[in-house]
Amino acid sequence: MREKKSNPLKYFADFGKAVVKGDAGVKCSLLFMGAGYTFKGQWLKGIFVTLIEIAFIIMCIFYAAPNLAKFGTLGTVQREAVFDPLTMQQTVNDYDNSFLILLNSIIALFLIVCFILFYIYNIKAVYELQQQKKFGKHIDSNKETVKSIIGKKFHITLLTLPAIGVVLMNVIPIFVLIAIAFTNYDQNHMPPNSLLDWVGFSNFKKLFTEGMGNYFGYAFRKILGWTLTWAVLATLTTFIGGILLAMLINKKTTKLPKMWRSLFIVAIAVPQFVTLLLVRNFFGDQGIVNTICSNIGLTDWLKHIGLVSAHLNYIPFLTDPHWAKFMIVIINIWVGIPYQMLIATGVLMNIPTDQLESARIDGASKWKIFWKITMPYVLFIQGPALITDFVKNINNFNVIYLLTQDVYITPDQALANANAKEVDLLVTWLFRLTNEYYNYKMASVIGIIVFIICAVFTIISFSKLIAGDREEEYQ
Amino acid sequence: MAKTKKIIGSIISHIFLAILVVIWLIPILWLVVTAFSGYPGINKAHFFPTSWSLDNFKKIFLHPDSVVQYMTWFKNTLVIAIFTCIISTIFVLMVSYAFSCMRFKGRKKIMTFSLILNMFPGVLSMIAVYFVMKSIGLTNSHLGMIIVYSAGSGLGYLIVKGFMDTIPASLREAAKVEGASEFTIFLKVVIPLCKPIIVYQIISSFLIPWGDFVLAKLMLNSGISSDWTVAIGLYNMLNRSLVNNYFSVFCAGGLLVSIPISILFIIMQKYYVEGVTGGSVKG
């Protein structure tokens, strides 16, 4: 059931062949897309396809053309409100909304590309119909065409709605994000009150260079470094911790393994925003943990060895840059290990026991068995998921934002100028730039960078995942 | 000798497990006890509250004010969750059937493309999603939230498709011989066999709006508290100016939302493993 590999050249060659060798029906279809079907008796399909063509032309005239015409400049007419003394109301001129022009142009371009693909497909289909007729093969009647909607073409019926949703929620936003990165959309340029302009690569330049009152380069370097460090630490600690915990619970001598597992699951079953917000107050500067630490003398001891600066009378768990980073990793272990334990349990149960047995008979130590048999097996199964976890941690918004927002104040003025903090990940920085400072242009650039980083790892992970695809095994 | 050593080892590992469990459950315990605290702010000196009361729950159920509109938030989240759940489940079933049970040109390519697209974290394109929703006027509306949560759900087909792959093709062939259309097979043959995985799909998509914080925060930004979901409302109580009067109410609210969510989570967790490992492990 392998699909044929197609190459792009053949795609256009087939189209050319269809146009050249096609009969009158195919030639007419170049202008009236449904003509070819109608000539062969499939008038229902013909009408339907022609209706799509008409709808597309109407869309072009009334939607695509006016927007795309202004796409180059993103509009030229500034919004002006004039107070009209006669009606006692503000009248607004016929202004250009740069953002809507941008968005509509992208949607229009998308529709045009889709239509072109459909157009080419249509010509090929009409040509194929001509060939079928020529060789006396069966041609579907109108009734059969309608039936195929729930028959052999059912996949199109099934996929249309979800695909529209995905385009709306996943595809169009990516293009909008890319487009905004090349504009000056920020707090001083907010449509509809002011116009946007294309600024080329200057936002990218701002993110990659430092100095001259530009703090974004500095902030980006620092935050990228922490994001990657964090992602590595968070992924490895929870992964290894999860395996060890799963092994401890799965040990033959452990009584009531199910009960232990359930207790850990309770901790992650509570929604994250509840536990994280709670933990953040647990470790607050005046919080309960600080009271206990101070009572048992831990605070003084830490002061003594220099881990807490002398003028503080509490441990700055979430307010000092180094402590906060450390605590975030620790709290993430708390959040992440039960998940990894669940997965590791599943993996460990499937471990080939004959290998373990023979190793044991050969007298290998437990430690050796763990490193030479268990770990390689787990890594083999879990490898792709590990990379996916890494990508998820790069974007682990919840842990960082819920633990540090409103609590952590950066002491680094240069970072503060770029609206960043030491503990920020690229995504939380992006979120703050958007949600609090309306600096959409820089947020978009950061978004693109994160996208590229994620894309690289995702594709690595994916190529491994596909290798393990076993869909035909059962069927 | 070896036997006593084994017993001691077993005792040590049990004690170790018990310590771990305590560490893991301390915050949860703190949540529960603080929910019943008579003192509204954060109790800094004692782990257990000094006075016990049900005031926090009374406030939530009987005396909503401008800060605590818990029942409204709960209702909002419930409505969003129910619709998200219905749309997502239908979408995922449709996509899974198309990919698992039908063979058509470009199937593998579309599958690969959607898997890759699905691996990109949604947090990233959220500002652009926000723009799109804003320009069609759907920010600060529950309809907008439902669309945001469910529109792209078709991409998460992997687990359900994996389950459908295990349904023998001969069942479908037999139905086809008897003249059933693909639509009939989908409704009458495949869906009834998918019941367990549909339960998983329903629960997991139902849980999304309850656990989501970031999208709700971005989309429901008008500051009108009656529009909020539970997550945003509870987050707001921990605002610097409010935390000293509302911390224990936050705990009570957090506890109330956690109970149903935890139960659902525990029901579906056995499928969670399969989802993460891409079906390469049968847990």
Side-chain angles (χ1 to χ4, degrees), chain A residues 1 3 100 103 150-151 154-155 158-159 162 165-166 168-170 172-174 176-177 248 253 260 263-265 267 269-275 277-279 281-282 286-288 291 342-343 346-347 350 381 385 395 397-398 406 427 434-435 443 447 450-451 454 458 462 465 468 471 474-475, chain B residues 10 13 17 21 24-25 27-28 31 42 44-45 47 91 94-95 97-98 102-104 108 115-117 119-121 123-125 127-129 131-132 135 151-152 154-155 165-166 169 181-183 210-211 213-214 218 231 238 240 254 258 261-262 265-266 269 272-273 276-278 280-281 283:
Chain A
M1 271 290 175
E3 282 97 7
L100 285 183
L103 178 69
I150 57 165
F154 190 46
H155 58 273
L158 286 175
L159 291 177
V166 168
L168 190 72
M169 266 314 110
N170 301 66
I172 297 278
I174 293 173
V176 174
L177 190 79
L248 190 62
T253 52
W260 294 110
L263 285 173
F264 283 101
I265 292 169
V270 178
Q272 265 192 7
F273 69 89
V274 175
T275 44
L277 290 172
L278 200 73
V279 168
N281 285 293
F282 206 50
Q286 316 297 332
I288 177 101
T291 313
L342 268 181
I343 299 160
V347 177
N350 286 15
I381 299 280
N395 298 291
F397 181 88
N398 270 1
D406 298 332
V427 274
T434 316
N435 203 27
V450 183
F451 239 110
C454 294
T458 302
F462 184 77
L465 202 75
E471 69 168 359
Y474 300 98
Q475 295 197 347
Chain B
S10 156
S13 62
L17 262 179
V21 165
W24 253 264
L25 292 184
I28 311 292
L31 177 76
I42 308 173
K44 280 150 190 163
F47 185 87
F91 273 18
M94 282 159 70
V95 174
Y97 183 84
M102 298 191 71
R103 292 293 177 268
F104 50 92
K108 275 255 154 85
L115 265 188
I116 291 179
L117 207 58
M119 279 187 199
F120 285 114
V123 189
L124 263 188
S125 50
I127 52 166
V129 170
F131 285 140
V132 174
S135 60
L155 293 178
D165 283 344
T166 64
S181 66
E182 291 281 354
F183 179 67
W210 296 96
F213 173 79
V214 49
L218 194 68
L238 296 186
R240 252 163 217 262
S258 299
I261 299 307
S262 312
F265 183 86
I266 289 167
Q269 52 95 6
Y272 174 80
V273 178
V276 177
T277 52
S280 54
V281 171

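Taking chain B as the reference chain and counting heavy-atom pairs below 4.5 Å, the highest number among A:Gly447, A:Gly287, A:Ala443, A:Gly151 is found for A:Gly151. Here A:Leu277 is the residue among A:Asn435, A:Val427, A:Leu277 with the most heavy-atom pairs under 4.5 Å with chain B. By number of non-hydrogen pairs under 4.5 angstrom with chain A, the leading residue of B:Leu17, B:Val95, B:Ile261, B:Ile42 is B:Leu17. Residue with the most contacts toward chain B among A:Leu248, A:Thr275, A:Asn398: A:Leu248 (heavy-atom pairs, distance under 4.5 Å). For the set B:Leu155, B:Val214, B:Leu31, the count of heavy-atom pairs under 4.5 angstrom toward chain A peaks at B:Val214.
Taking 4.5 Å as the limit, some side-chain heavy atom of A:Val279 sits within range of a side-chain heavy atom of B:Pro27.
With a 4.5 angstrom heavy-atom cutoff, B:Trp210 touches chain A only via backbone atoms. For A:Gln286, the parts sitting under 4.5 Å from any heavy atom of chain B are the backbone and the side chain alike. Only the side chain of A:Leu103 has a heavy atom closer than 4.5 Å to any heavy atom of chain B. With a 4.5 angstrom heavy-atom cutoff, A:Asp406 touches chain B via backbone and side-chain atoms both. In this structure, chain B has heavy atoms under 4.5 Å from both the backbone and the side chain of A:Phe282. For A:Leu263, the parts lying under 4.5 angstrom from a heavy atom of chain B are both the backbone and the side chain.
Between B:Gly211 and A:Phe273 the shortest heavy-atom distance is O-CD2, 4.1 Å. The two residues A:Leu177 and B:Ala128 come nearest to each other via the heavy atoms N-CB, 4.1 Å. Of all the heavy atoms in A:Ile265 and B:Phe265, the pair that sits closest is CG2-CE2, 4.0 Å. A pairwise comparison of heavy atoms in B:Ser258 and A:Val270 identifies OG-CG1, 3.2 Å as the closest pair. Shown here for B:Ile266 and A:Ala269, the closest heavy-atom pair between the two residues is CG1-CB, 4.4 Å. Of all the heavy atoms in A:Met169 and B:Ala151, the pair that sits closest is CG-CB, 3.3 Å.
In this structure, CG in B:Leu117 is found 5.0 Å from CG in A:Asn170, a value given to the nearest 0.5 Å. The distance from atom CG of A:Leu158 to atom CE of B:Met102, rounded to the nearest 0.5 Å, is 7.0 Å. Rounded to the nearest 0.5 angstrom, A:Leu159 CG and B:Phe91 CZ are separated by 11.0 Å. With rounding to the nearest 0.5 angstrom, the CG atom of A:Leu278 is 7.5 Å from the CD1 atom of B:Ile28.
Aromatic ring orientation, B:Phe183 versus A:Phe154: perpendicular (interplanar angle above 60°, classes split at 30° and 60°).
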